[in-house]
Amino acid sequence: MESISVFEIIKVGIGPSSSHTMGPWNAAAAFIRIIKRERSIAEVKEVFLEFFGSLAKTGIGHGTDIAGMLGLNGEDFTTINTSKIDEKIEKIKKDQIINLGGEKEIPFVYGYHLVLNMQKSLDFHPNGMIFKAVFEDGTKLVQDFYSVGGGFIASQEKNSIEKHCVRTLYPCHHGSDIVKYCDKLGLKRFSDLIMINEESWRTPEETRQQALNIWKNIKECIYKGVNKEGILPGGLNVTRRAAGINRKLLGDKIYKNIDEWFQQVVDAEENFTNINKWIACFALAVNEENASFGRIITAPTNGASGVIPAVLMYSQAFTECTSEDDIVRFLLVAGEIGTLFKKNATISAAMGGCQAEIGVSSAMAAAGLTEILGGSIGQVMMAAEIAMEHHLGLTCDPIKGLVQIPCIERNTMGAMKAITAANIALESDPAKAKVSLDEVIQTMWETALSMSDRFKETSEGGLAIAVNVPEC
């Protein structure tokens, strides 16, 4: 089994969906690389893209079509000016031209070269897509891709995607592996083992800097969210709420930048109600940015991108765990827990419902918080287990396919459950636990397999059909 870096699970992304936006964007970029490997961009006459299954059914609301076009156009979601996305898409549609790979302009008619096939699903995975390049000499290059959650992509042909298989010094594919190696090495902290394994990708200092860069992006995302009013795009007319909560909690206090704002939060009145509201505010801020094609932190997905930021911000503002070391350790542990779910279950809502997104993110956050609050290795894993145990069976039923209702509020709930799970684990003896982390991961996967497709990001069940709203 391939090892996965924590920074493949927790990474800079773009809204509104990791599987429906980032995945197709990554697939388009991968297809460009395949064209260059097999032939050249200069030889391409036309390019076609067809989305299937969940990608098609909720594609408009998730911006799947937009991601596909921008990816083919040679744009990078980690650097693109998100305020220019609408302008770029409008130009492609109006001019009926795409700049393939940023190198060659070719005809591109939306609805002909890009199709959302809602009547068919590909067998390999619900999030399927097929790219086709037609060359000047009439030959064709066809490639299937599948967005498997968290921005990860796969294909049925293993040699079609560049693979960089890494085997860490102490492979941790199950929770039991972590316990085994920590015992073997005499490590007392979960994060110490993960730091050692991350050396398979980069130096400890580079790992530290990457974690701190994630924290920087988290703070910036929350700050943008708590200072932006208005209506979210997509047609549901959902009003942003984070800014209003932030304003009420801070009263008449004035700040001019992110650091001054953060200090105001730290200095604000601390009581149970206010802290709860702040946690909700942090999560809402991130997911309102996510719903607006903003730059966020995928952890492990975009739909669940507010949970870890909310819990980490809570730890920095309202606990004694405020050092950079605490931030690094939190993210290392949270990320590693995410890898266990990806390897042994799924982090794709199209495969497992929202338990695979909010549930996994809550387990990740609970583990990270328990680590920095002084929990033992057993307590860290127990916190993750508790958090997931109480998300089992959670459906994914976005209204009109938009990552807004119930997705945005679910992040506040996931954050609250993570903190509760951490507090329970810190007061418990893991030796007396009746359910292990590995068992709850297996149970989550079995639940996913048993769940109706109507509740797996198809907008064909639950709130998606119970609530009548105008067409988006």
Side-chain angles (χ1 to χ4, degrees), residues 14-32 34-35 41 44-77 80-122 126-136 140-147 153 232-236 291-293 302 350 398 400-403 457-459 470-472:
I14 191 169
S17 171
S18 51
S19 60
H20 286 57
T21 312
M22 287 169 56
W25 202 320
N26 281 330
F31 186 59
I32 295 296
I34 293 172
I35 291 174
I41 295 293
V44 178
K45 180 181 180 181
E46 285 184 287
V47 66
F48 296 84
L49 170 55
E50 187 169 6
F51 293 109
F52 300 88
S54 178
L55 288 182
K57 291 176 181 178
T58 62
I60 300 299
H62 284 90
T64 304
D65 54 341
I66 292 173
M69 286 185 281
L70 291 175
L72 289 172
N73 207 52
E75 304 287 352
D76 183 339
F77 63 72
I80 190 173
N81 182 343
T82 56
S83 67
K84 299 292 185 181
I85 287 177
D86 288 345
E87 178 183 321
K88 289 177 181 291
I89 292 299
E90 181 59 30
K91 179 175 174 56
I92 291 171
K93 289 183 176 180
K94 181 181 178 181
D95 296 347
Q96 297 189 340
I97 290 174
I98 202 162
N99 189 17
L100 188 63
E103 296 180 19
K104 181 184 180 182
E105 291 188 342
I106 59 175
F108 192 87
V109 179
Y110 185 90
Y112 174 69
H113 290 98
L114 186 150
V115 176
L116 295 155
N117 188 336
M118 302 184 190
Q119 308 306 316
K120 181 180 177 182
S121 291
L122 302 183
N127 289 338
M129 64 201 104
I130 294 178
F131 291 80
K132 179 172 70 174
V134 180
F135 297 98
E136 297 288 357
K140 300 174 183 179
L141 175 64
V142 180
Q143 180 62 57
D144 63 325
F145 286 109
Y146 304 87
S147 182
I153 56 172
L232 295 174
L236 287 180
S292 305
F293 272 91
N302 287 23
K400 293 299 177 184
L402 296 167
V403 190
E457 209 170 3
T458 58
S459 286
E471 289 293 330
C472 300

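Using a 4.5 Å heavy-atom threshold, the side chains of Val142 and Phe48 count as separate. You'll find the side chain of Lys91 stays beyond 4.5 Å of the side chain of Lys94, heavy atoms only. At least one side-chain heavy atom of Ser19 sits less than 4.5 Å from a side-chain heavy atom of Glu457.
Thr21 places a side-chain N or O within 3.5 Å of a backbone atom of His62 that can act as its donor or acceptor partner. With hydrogens and angles disregarded, a donor-acceptor distance shorter than 3.5 Å links the side chain of Trp25 to the backbone of Glu75. Listed for the Asn117 side chain is a donor-acceptor partner under 3.5 Å among the backbone atoms of Gln119. Under the 3.5 Å distance criterion, the side-chain polar atoms of Ser459 are matched with a main-chain donor or acceptor of Pro398. Distance alone, capped at 3.5 Å, is enough to place a donor-acceptor pair between the Asn81 side chain and the Ser83 backbone. For the pair Ser18 (side chain) and Asn302 (backbone), a donor-acceptor distance under 3.5 Å is present.
With sequence neighbours excluded, the residues that form a ring-ring contact (aromatic ring centres under 6.0 Å, His included) with Phe31 are Phe131. Annotation: salt bridge (charged side-chain N to carboxylate O under 4.0 Å, His left out) contacts of Lys104 (sequence neighbours excluded): Glu136.
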side-chain contact (heavy atoms from CB on, under 4.5 Å) assessment of Asn73 paired with Ile92: CA-CA 9 Å; Asn73 207 52; Ile92 291 171; 4.1 Å; yes
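A side-chain donor from one of Ser54 and His20 sits under 3.5 Å from a side-chain acceptor of the other. In this model, no donor atom of one side chain and acceptor atom of the other lie less than 3.5 Å apart for Glu105 and Asn99.
A side-chain contact (heavy atoms from CB on, under 4.5 Å) with Tyr146 holds for exactly one of Leu55, Asn127, Leu122; it is Leu122.
Interatomic distance, NZ of Lys140 versus CZ of Phe135, reported as 12.0 Å (0.5 Å rounding). Summarising the geometry, atom CE belonging to Met22 is positioned 11.0 Å from atom CD1 belonging to Ile153; distances are rounded to the nearest 0.5 Å.
For CG of Asp86, the number of neighbouring non-hydrogen atoms (other residues, nucleotides, ligands) closer than 6.0 Å is 12 at most.
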Would you mind writing out the side-chain donor-acceptor pairs for residues 108-116 within the sub-3.5 Å range, not counting sequence neighbours?
from   : atom 1 : to     : atom 2 : distance (Å)
Tyr110 : OH     : Asp65  : OD2    : 2.6
His113 : ND1    : Val109 : N      : 2.7
His113 : NE2    : Glu46  : OE2    : 2.7

